[in-house]
Amino acid sequence: MYEPSSVEGKWQKKWEEAKTYEIDLKNAKDPFYSMVMFPYPSGDKLHVGHWYNFAPADSFARYMRMKGHDVFTPMGFDAFGLPAENYAIKTGVHPDDSITTNVETMITQLKRIGTMYDWSKMVNTSKPDYYQWTQWLFLQMFKNDLAFKKEASVNWCESCQTVLANEQAQDGTCERCDTEVIQKPMTQWYWKISDYSQRLLDGHDNLDWPEKTISMQKNWIGKSEGCDVTWKVEGSDLSLDTFTTTVDTIYGVTFAVISPEHPELENIVTAEHKDAVAAYQNKAIKKTDIDRMAEGKKKTGVDTGAFLIHPFTGEKVPLWVADYVLMNYGTGVVMGVPAHDQRDLDFATSYGFSIVQSIQSDTGETFVYDDVDKYNVKGEIVESGDFTGMSILDGRKKITEALEAKQLGTAKVQFKLRDWSISRQRYWGAPIPIVYDPEGNAHAIPEEHLPWELPRDVEFKPTGTSPLAQSKELKERTEKIFGAGWTPEVDTMDTFVCSSFYQFRYLAEGSDTEFVPKDIAKKWMPADMYIGGPEHACMHLIYSRFVTMALKDFGFIDTEEPFKRLVHQGLITNGGAKMSKSKGNVVSPDAFIEKYGSDTFRMYLMFMGPFTDGGDWNDTGINGTDRFVKRLWRLFDEFKFSPNGSEEKEVTSKLHATIKKVTNDMERLQFNTSISALMELLNLLEKAEKIDEDTAKTMIKLLAPLAPHLAEEVWEKLSGDGFVIDQDWPTYDEALLVSDTLTIAVQVNGKLRGTISVDATASKEDIISQAKADPNVSKFTDGADIKKEIYVPGKLVSLVI
RNA sequence: GCCGGGGUGGCGGAAUUGGUAGACGCGCACGACUCAAAAUCGUGUUCCGCAAGGAGUGAGGGUUCAAUUCCCUCCCUCGGCACCA
C-alpha cells in the first residue's frame, strides 16, 4: 500500500538535507532561470490557484533540470500592501508581526507541494534588507530625472484612502476593492514610464510571450501617429493646438471642442459665456468616469463664444466646451469633423453644426473613420483647396508638410500610456526616500541612510494623509540627520514598485552592498521562464519591463527585458464560477493532500486540461490520477523486472513512443497529454509478460517531473543511483518506433470501409492490392471502375470509384 | 463598437504538415471477487439501428479522393479595451 504522507515527507526532508535545489549562481554551467509570480503572504492557507500555478511550473523546472540545465527557481513574498494593513486596523496586530507569521506558515505549506525552490535566496519585500533596494531604485530614478513630483488630477479610492495608478483604476474602479474611483487634484510622485513607450513596444518583437498579453500591452501603450495643428484664437494672441491622426479631413472642420479641464479655457471664453461655461465645468468635474461612461455616446457641451482661425481657409471655427474631450490625452482640444468622425457627428447633430465632406472612399462614398483602418485607408481628398484630388494618405502627408511650412503644425506620435503614479497614502509600504528642507524643496536621502526604515509608532487607520505623518520617531530621525525644520516624505511606494525588480534581487543573495552582481545578472537574466496570471498584463508586466530598461540605462545591468518566455496559467473555477470566500465555493487543497498526497493532487490539476486553459474543479476527477498512482506503485512494488533485452518488442517501441511524446509535451507545457501518454504506457506494461529493468527505470524518469516524490521512492526501490531528479532525461530511438506491421486504413470514396495489416516493408503496389482484396472493401468496389488510387505512406489507401 | 481566444460524447478533454474523430481519464452499465458493501479486476460505453448500414466536431455553404484542421457567410460564448480625436 502506497502511503503518500510518509513517502512525501521523507523525500522533502532528504532533498532539503542534501541541499539538492540550492544553486551555485556563480559557477552554474548551463543556467536556466525559472520564475513564478511570487505570492502575497495572506493568513489563509494555500489555495487551489497557488497549486495550479506553482506545481506545473515546478514540473516544468524539473524537466529542464533533467535535460541538463542548472535550474534556479527561487521563491519570495510580495509582502507589502493593503491586506496586512487592513488586518492591523481590525485587530491591532502590527503588519510586520502578522506578515512574519504568515510567511512562516506559507513556507511550510509551499514545501508540501514538493517544489524545487532554492530557499536560501528567498526575498520578502517588506523587510528592510529588501526595501532598502526599493528605495535605492527610487533614488536612481530621481537622480536620472525619471522620478518627479507634480500636482495633477489623480485616481482616488475612498475606501482604500489612497491614490491609484491608472493601471490600478482601469474601468473606473479600484483594482483592490472595486470601489468607484474619483478624480482629485493632488501632488504626487511619478515615474516617467512614458519616456519608454516606444521602447516598450519595440521590445515585444523579441519576447516569447502570449500574443494576447502583447496585444493588451500594445493597446495600453496606445501609439497613434498624426499631427498637432495650431489654431489662432480670433481677436487674441492666444492659440490652441489640436492633435489629430487624420489631418486629411482638416477642410471638413466645422467646429472645435475644448476639454472642461483645459487650463487656457478661462482666458479664451468670452464675457457673455463665462457663467454658462463655469457651470458646465463644475458639473463635468464632479462626474466620475463611471458617470461619463454611463452616458455612453450622448454628448453635451456649451459655447465659449470664441472662434478659432482655420489654418488654410482663414474661416472662423466656433469653439465649444465638451466633456467628451479628455484633458489627459493629446492636447485637450479637438477639431470637429462631423462628416468623418462619429463622435463629432453626434455632437454636431445635437448642436446644429454643418457637416462638410472632405474625403471619399475609392468607390466614391463618404465614410466615418470608426469603420476603417485609418493608417491603410484608400480614397481621395475632395473640396480641400490645393489638396483636392490627392489620395488620402498622400494628402495627409502633404497637409502636414504645409502646416509645418506655415509653422502652424507638426507631425507627432501620441501615446496613451501615462506616467506611473507611485505615491500611496498608506502605512504598509516602502517609505519614499525623500526629505524636504524648511523651504519645502525635495532632497534625496543619501544612500548611506538606506534602509530608510518604516517607523513603527503610528496608527494604521487611514485618514487620507499618510499614517507616517504621525510618527514622532520619523520626524526626529529626519531632523537629527538633516537639521531642524527638515521634514520627511510621508507617502509610501506602490507595491508594484517592490515587485518590479525582484527578479534581480533573487540573484543578489541578500547582498546589502550591491543591487545585483553584474556578472551574475548577465549570466542569468533575462529569466528564461516566467509563469503567472494574465491579470498582470498591464501592471506588473509593464512596470518590470520599464524598470529593467531604466536600470540598464543607468548602467547597473546589461539586460533590456526581464522575462524571455512568459506563460499564463489558466483559472480554476468551481461550478463555473471564480472561487471566492464570499461565494463560499473555495476548494481547499488540504483535505485532498491529506487523502491523496501532493503527487496525486498536482497531477490531477495538470491532467484536467491544458495548463493555459484552467478548468472547472470536480471532486471525483481526482480518482483517475489516484488510481494511476496506485497502479504504478503496485506494478513497481510487485513486479520482478527482467534482464535488459528480453521484453516484447511492442513494449520497447511503446516506451520510445512515450519518451518522444512526453518530451515534446513537456517542452510545450502540455502536462495533460504527458500524463495520458504515461497512462497508456502503464496500461501496456500491466499486460506485459516481461519488462526490462531499463524500461522500468526510464518510465520512472519520465514520471519524475510530474510526481517527484513517488518517482524518488520507486527509483530507490529499483536501486537507482542518487536522486532520480539528478538523472538525465531519457532519449528515444526513432528506429525503435517503427513496428513490423502497419495498420492501413482503406477508404472508398472517402468513407472508411476497412483496415488491413501489412508488413512494414511492403511496397505501395502490394499494399493497394491487399487493400482491394480485403472483403470489407471489395464489397464496395466490386463491379465498379476504380478511377483513382491514393496511398498515404504508413497511413491509408483511398480508392475512388 | 474595436481587438483576441474558444464552440468536439453524459462530463474533463485528445487528434505533428488536411489522412482511421472521440486517445487518456471521470461517470455510468453489466460481470468477477464478497454474507454484503467499499476497494480492486474484467467487459462495454458518440448517436440512430436487431443487423447491414447511416448520421456526426456550433449552423449553413465551398475547395478536396479525404476537412475538427483550409476558404466564405452567420450564430453563440469567454477574456481584454472602450468618447484615445
Side-chain angles (χ1 to χ4, degrees), chain A residues 170-172 210-216 218-220 222-224 226 242-247 249 257 289 292-293 295-299 322-326 328-337 340-344 346-347 369-371 373-374 414-418 534-535 537-538 571 576 604 607-610 612-613 615-625 627-628 630-631 634 660-661 664 670 672-683 686 743-755 779 787-801:
Chain A
Q170 292 182 35
D171 74 21
E211 294 269 340
K212 189 181 168 181
T213 311
I214 288 182
S215 82
M216 277 170 70
K218 281 191 173 148
N219 206 331
W220 187 252
K223 181 179 178 177
S224 292
T242 59
F243 173 72
T244 177
T245 52
T246 53
V247 77
T249 61
V257 209
D289 286 358
R292 286 197 184 187
M293 263 184 268
E295 286 171 13
K297 292 236 147 53
K298 214 181 113 223
K299 308 261 177 305
D323 68 2
Y324 80 90
V325 180
L326 308 173
N328 49 21
Y329 180 79
T331 61
V333 189
V334 168
M335 61 185 214
V337 186
H340 304 296
D341 183 284
Q342 188 58 50
R343 294 157 302 185
D344 296 344
D346 296 341
F347 193 70
Y369 265 116
D370 300 41
D371 304 332
D373 174 359
K374 58 193 171 198
Q414 178 73 46
F415 294 94
K416 282 197 248 180
L417 184 65
R418 282 168 254 152
E535 67 276 12
C538 291
L571 185 71
Y604 172 54
F607 185 63
M608 272 171 81
T612 50
D613 286 7
D616 198 47
W617 178 262
N618 176 329
D619 273 351
T620 59
I622 196 168
N623 290 337
T625 39
R627 283 176 199 144
F628 176 55
K630 287 183 174 144
R631 281 164 55 204
R634 218 174 301 134
K660 185 176 181 176
K661 172 95 180 123
N664 286 339
Q670 287 172 4
N672 55 333
T673 46
S674 299
I675 294 169
S676 71
L678 287 164
M679 286 173 168
E680 284 184 55
L681 179 61
L682 176 65
N683 289 344
E686 282 179 332
T743 307
I744 304 287
V746 187
Q747 294 181 344
V748 179
N749 281 0
K751 281 188 200 273
L752 181 71
R753 295 302 182 188
T755 54
K779 192 156 65 170
K787 288 190 196 146
K788 211 167 172 186
E789 294 166 350
I790 295 153
Y791 174 58
V792 182
K795 296 237 160 94
L796 63 72
V797 170
S798 183
L799 304 171
V800 185
I801 56 172

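Letters A, B, ... are given to chains in the order of the sequence lines, protein chains preceding strands, and every chain is numbered from 1.
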For every nucleotide of nucleotides 22-30 of chain B, 5' to 3': is a protein heavy atom under 4.0 Å from its base (B), only from its sugar-phosphate (S), or from neither (-)? -BBSSS---
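Rounding to the nearest 0.5 Å gives a distance of 9.0 Å between NE2 of H340(A) and OG1 of T246(A). To the nearest 0.5 Å, the span separating CE on M608(A) from OG1 on T625(A) amounts to 10.5 Å. Expressed to the nearest 0.5 Å, how far NZ of K223(A) lies from OG1 of T245(A) amounts to 13.5 Å. Rounding to the nearest 0.5 Å gives a distance of 13.0 Å between NZ of K787(A) and CG of L799(A). Of the inter-residue distances, the one linking L681(A) atom CG with K661(A) atom NZ reads 13.5 Å to the nearest 0.5 angstrom.
Counting only N and O atoms by type, the side chains of Y604(A) and N618(A) include no donor and acceptor under 3.5 Å apart.
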Please tabulate, for the side chains in residues 788-796 of chain A, all donor-acceptor contacts under 3.5 angstrom to protein atoms that are two or more places apart in sequence or on a different chain.
| from | atom 1 | to | atom 2 | distance (Å) |
| --- | --- | --- | --- | --- |
| E789(A) | OE2 | K772(A) | NZ | 2.5 |
| Y791(A) | OH | G794(A) | N | 3.1 |

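Under the rule for a side chain to side chain donor-acceptor pair (under 3.5 Å), N623(A) has no partner lying at least two apart in sequence or in another chain. By the side chain to side chain donor-acceptor pair (under 3.5 Å) test, R631(A) is found to be paired with N683(A), E686(A), residues two or more places apart in sequence or in another chain being considered. Here D616(A) pairs with T573(A) under the side chain to side chain donor-acceptor pair (under 3.5 Å) rule; sequence neighbours left out. By the salt bridge (charged side-chain N to carboxylate O under 4.0 Å, His left out) test, K630(A) pairs with D626(A), sequence neighbours left out. Applying the salt bridge (charged side-chain N to carboxylate O under 4.0 Å, His left out) test to K374(A) and every residue at least two apart in sequence or in another chain returns nothing. In this view, R627(A) satisfies the salt bridge (charged side-chain N to carboxylate O under 4.0 Å, His left out) rule with no residue, not counting sequence neighbours. Contacts of K416(A) classified as salt bridge (charged side-chain N to carboxylate O under 4.0 Å, His left out), with partners at least two apart in sequence or in another chain: none.
Residue K212(A) is classed as a sugar-phosphate contact, given heavy-atom separations below 4.0 Å to backbone atoms only. As judged by a 4.0 angstrom heavy-atom cut-off over every strand, T242(A) is placed among residues making no nucleic acid contact. As judged by a 4.0 angstrom heavy-atom cut-off over every strand, P610(A) is placed among residues touching the sugar-phosphate backbone only. The residue K374(A) sits close only to the backbone: its heavy atoms come under 4.0 Å of sugar-phosphate atoms, none of a base. Note on T244(A): only backbone sugar-phosphate atoms sit closer than 4.0 angstrom, heavy atoms only; bases stay farther off.
In this structure, M608(A) and S224(A) both approach RNA chain B, and ranking their closest nucleotides by distance from the 5' end singles out M608(A).
Between U57(B) and G6(B), the distance separating the two C1' atoms is 13 Å to the nearest Å. Separation of the P atoms belonging to G62(B) and G79(B) is 36 Å when rounded to the nearest angstrom. Across the C1' atoms, G25(B) and G13(B) are found 9 Å apart, a figure rounded to whole Å. To the nearest whole angstrom, the two P atoms, one in G7(B) and one in U43(B), are 32 Å apart. A67(B) and G61(B) have their P atoms separated by 14 Å, given to the nearest Å. Between the P atoms of U68(B) and G56(B), the separation comes to 10 Å (whole Å). Remark: the separation of the C1' atoms in A55(B) and A39(B) is 41 Å, to the nearest Å. G9(B) and G80(B) are spaced 32 Å apart, taking the C1' atom of each and rounding to whole Å.
Per the geometry, CZ belonging to F243(A) stands 15 Å off C1' belonging to C83(B), to the nearest Å. Following rounding to the nearest Å, D613(A) (CG) and G5(B) (C1') show an atom-to-atom distance of 9 Å. To the nearest angstrom, P of G1(B) lies 21 Å from OH of Y324(A). Taking atom OH of residue Y369(A) and atom C1' of nucleotide C2(B), one finds them 17 Å apart after rounding to whole Å. One can place CZ of R634(A) at 7 Å from P of U40(B), the figure rounded to the nearest angstrom. Spacing between atom CZ of F415(A) and atom P of A85(B) amounts to 12 Å, rounded to whole angstrom units. For the pair N328(A) CG and A82(B) P, the interatomic distance rounds to 12 Å; values are reported in whole Å. Straight-line distance from the CZ atom of F628(A) to the C1' atom of A39(B): 19 Å, rounded to whole Å.
Checked by distance alone, K299(A) brings a side-chain donor or acceptor within 3.5 Å of a matching partner on the base of C83(B).
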State the dot-bracket string of RNA chain B. Criteria: Watson-Crick or G-U wobble, both atom distances under 3.5 angstrom; notation: ( ) intrastrand, [ ] crossing earlier pairs, | interstrand, . unpaired. (((((((..(((......[....)))((((((.......))))))(((....)))..(((((..]....))))))))))))....
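Taking the O4'-C1'-N9-C4 or O4'-C1'-N1-C2 dihedral as appropriate, G56(B) has a value more than 90° from 0 and is therefore anti.
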For nucleotides 64-68 of chain B, print each protein N/O atom paired with a nucleotide N/O atom at under 3.5 Å, atom names and distance only.
| from | atom 1 | to | atom 2 | distance (Å) |
| --- | --- | --- | --- | --- |
| C65(B) | OP1 | K788(A) | NZ | 3.1 |
| C65(B) | O2 | S798(A) | OG | 2.8 |

Tabulate protein N/O versus nucleotide N/O from nucleotides 42-49 of chain B, keeping only pairs under 3.5 Å, one per line.
none

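R753(A) has no side-chain polar atom (N or O) that falls below the 4.0 Å cut-off from OP1 or OP2 of U20(B).
Closest approach of M679(A) to G624(A), counting heavy atoms only: CE-O, 4.3 Å. Here the shortest heavy-atom pairing between S224(A) and F243(A) reads O-CZ, 4.0 Å.
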